[in-house]
There are 2 protein chains.
Amino acid sequence: MEHIDECKQGDAIGARVESVTLIDVARVAGVAPMTVSRALHRPELVRSATQKKVLDAVRATGYVPNMLAGALASSKSSLVAVLLPTIASSVFADTVQALMDGLTAARYQTLLGLTGYSPQREEELVEAILGRRPDGVVLAGTDHTNATVERLTRAKIPVVEIWDLTDTPIDIVIGFSHEKLGEELARHLIKKGYRRFSVLSVDDPRALRRANSFIHELQRHDIDNVRFVIRHAPATLQVGREGASAILEGGAPEIVVCSSDTLAQGVLAQAASRGLKVPQDLAVMGFGDLSTAAHVYPALSTVRVDGAAIGACTAQALLERFSRDNQGKNYPVRLDTGFAIIDRDSA
Amino acid sequence: MEHIDECKQGDAIGARVESVTLIDVARVAGVAPMTVSRALHRPELVRSATQKKVLDAVRATGYVPNMLAGALASSKSSLVAVLLPTIASSVFADTVQALMDGLTAARYQTLLGLTGYSPQREEELVEAILGRRPDGVVLAGTDHTNATVERLTRAKIPVVEIWDLTDTPIDIVIGFSHEKLGEELARHLIKKGYRRFSVLSVDDPRALRRANSFIHELQRHDIDNVRFVIRHAPATLQVGREGASAILEGGAPEIVVCSSDTLAQGVLAQAASRGLKVPQDLAVMGFGDLSTAAHVYPALSTVRVDGAAIGACTAQALLERFSRDNQGKNYPVRLDTGFAIIDRDSA
DNA sequence: CTGTTAGCGCTTTCAT
DNA sequence: ATGAAAGCGCTAACAG
């Protein structure tokens, strides 16, 4: 309110709200601006008496440091950009939570961008976001346009690709192999005795890669007639339910392998409404996180991925890069966080 | 790899990666820096020949405008801060998606902060984030610390509180009344003939307010012995399942009213595993979005909230504020987006 | 430990 | 339609 009065006086004509600056604080504290800056960011470099004067002045003036100016002057934005396909697909929720927890604790802030599974859109977002001079970038997946890769590389900041693995990462890559997952799952289920498979997947690139390598592995074991139903992302219960209908049209397979737990839940619902017992009449396999579904639906099998671990490792990798005096050197990281097949018959 | 070579050449001694600036572009294009700036941001002010020279120079140099500098000079950051309790609770997913769609289209970027339902944490985040000089702030809910409100007010930027309603908004408020929702729901269910109620809620403040006004309204209708089970947020299927167990201990009520669809799904699962038919043996009421659950579980009733509408309205309100020559004036907005009771018996 | 001097890269505000 | 000068608010680098 004191502030508002000031405004009414000050801005006789104009629009600009003139905010309190470092210089104002310095004047009130009776020290040099630089001393205020130090008192705020490196308190160990100033006498505690000075420190107190400054903090008092900060409080008195209601000073809020302008990080735009700080970042410009220091070439350090304390900003990390995170680009995800969507926020609706909750597979990333744990990852983002863990990532942001780690970053926030280290006083980094998060710039979020949603790509909608479109590499083109990702490219535009990268370009726009790089203008903010983030200290690091996190991307979902390893499939990017050439321009995206080039821009990211030119930016010379840590880049983490997550939720996938590749032999040619831009910089750091933390995740697991969707191909390997598909193959292992196929072998696992064959070993369990299943022979009649259906696959229900949304058209998100990683889901499709899992599905394809799953089906290929089945073929290598002479299992060919796999019903493969693809629906548009995002994966919802409704999509799962409709997909199940489509699959069940041609008679029930032994098992339906879904690209996500959400889909799998939709399938469960559809199975229930048709009076099919799971897993006796119809086994259902999901993908995602245990906490979401597997504990709750005793009949549901799933492939568990530790999203929180991916986020935590990403935060740690970034912070390490930020802190280390990485003078020109690169410390590539390739972390396979793995996955676990949670199986109702064996568990 | 090209990247690394370049590094080794260029930075003979130092650490700083010197990037291409407006001045470099101007030199290459043979014009003044200011002309480059205009060509990029207000093309209508430069001759198309000049325009072309500049764009060529931009491409040739790989120039990426430094928005930190731009924002500092122009006092316009093109940044909107969004503070949410969590990203795990998917009730906000649609809202965030719609909000960001709107903002991104207008070339605004989003700074995300997670408060974990803690007003204290929100306060810290607000302080930190205000340092970025965002052009607007979006907050979930209307329950903030005094310091939060004061800082936000002092910032003199549009502030939107969403997913709730209040008579004393900071600035703009877009959502619905959780009290009214609880009351209407109570009256609705009483009218349908229900008498034995249980409530299962997580301890998120808005969920509790819905639950409390629901129960109070029941009491006003002389229904008193309501079982009220509260669990820690976030709401997961597992929490729903456990909560259902706790409730069913004391014999099944006619209906369980849950603070979210996710919880409700957990209750459905538990009911199924006990052989209870829904809604005949046990009716289940959720809360959230239709697409999540109600279309899929024919037995599930729910209160539908249009999260996407909240996000879209928020984006629109912000953009309007940004564009209008809001010279000192305020255009308060109070938008009740309402809710709809989706009922299995009536629908 | 504190102060001074120079910018960071851009845009505003005049001139031309 | 284009240019020149003067900052935006802060911090690096050095001097004391």
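Letters go in sequence order (proteins before strands), and every chain restarts at 1.
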Is a donor-acceptor pair below 3.5 Å formed from side chain A/Arg133 to base C/dG9, judging by atom type as modelled?
no

Just wondering, do B/Leu79 and A/Leu111 contact through their side chains at under 4.5 Å, heavy atoms?
yes

How many whole angstroms separate atom CD1 of A/Ile23 from atom P of D/dC10?
8 Å

After noting the C-alpha distance and the side-chain angles of A/Phe92 and A/Ile87, does the key distance pass the side chain to side chain contact (heavy atoms under 4.5 Å, CB included) rule?
CA-CA 7 Å; A/Phe92 296 114; A/Ile87 204 175; over 6 Å; no

Phosphate OP1/OP2 of D/dG3: any B/Thr35 side-chain N/O under 4.0 Å
yes

Output the rounded distance in Å from NZ (A/Lys52) to P (C/dC1).
19 Å

Compare the minimum distances between each of D/dA1, C/dC10, D/dG9 and the side chain of A/Ala73, then state the nucleotide with the smallest one.
D/dG9

For C/dC10, take OP1 and OP2 only and decide whether either is under 4.0 Å from a side-chain N or O of B/Ser37.
no

Judged by nearest nucleotide, the residue sitting upstream toward the 5' end of DNA chain D, B/Ala69 or B/Gly30, is B/Gly30

Earlier contact from the 5' end, DNA chain C, for B/Arg38 and B/Met67
B/Met67

Consider the side chain of A/Leu72, meaning its heavy atoms from C-beta on, and name the nucleotide among D/dC10, D/dT2, C/dG9 that approaches it most closely.
C/dG9

Of C/dT12, C/dT11, C/dC1, the nucleotide closest to the side chain of B/His41 is C/dT11

In this structure, how many angstroms lie between the P atom of D/dG3 and the CZ atom of B/Arg47, rounded?
10 Å

Taking OP1 and OP2 of D/dT2, is either one under 4.0 Å from a side-chain nitrogen or oxygen of B/Thr50?
yes

Considering only side-chain heavy atoms of A/Ser74, which listed nucleotide, C/dC10, D/dA12, D/dG3, is closest?
D/dA12

Using whole Å, report how far CD of A/Glu44 lies from C1' of C/dC1.
12 Å

Whole angstrom is fine here: how far is it from CG in B/Leu45 over to P in D/dT2?
10 Å

Roughly, in whole Å, what's the span from CZ in A/Arg42 to P in D/dC10?
18 Å

What contact category does A/Pro65 fall into here, base, sugar-phosphate, or nothing, at under 4.0 angstrom with non-hydrogen atoms?
sugar-phosphate

Pair A/Lys52, A/Thr50: side-chain N/O donor-acceptor within cut-off below 3.5 Å:
no

Approximate separation, where rounding is to 0.5 Å, of B/Asn66 CG and B/Thr21 OG1:
9.5 Å

Whole-Å distance between D/dA12 C1' and A/Leu22 CG?
14 Å

If we only count heavy atoms from C-beta on, is the A/Leu103 to A/Asp101 side-chain gap below 4.5 Å?
no

For B/Arg27 and D/dG3, give me the distance from atom CZ to atom C1', rounded to whole Å.
16 Å

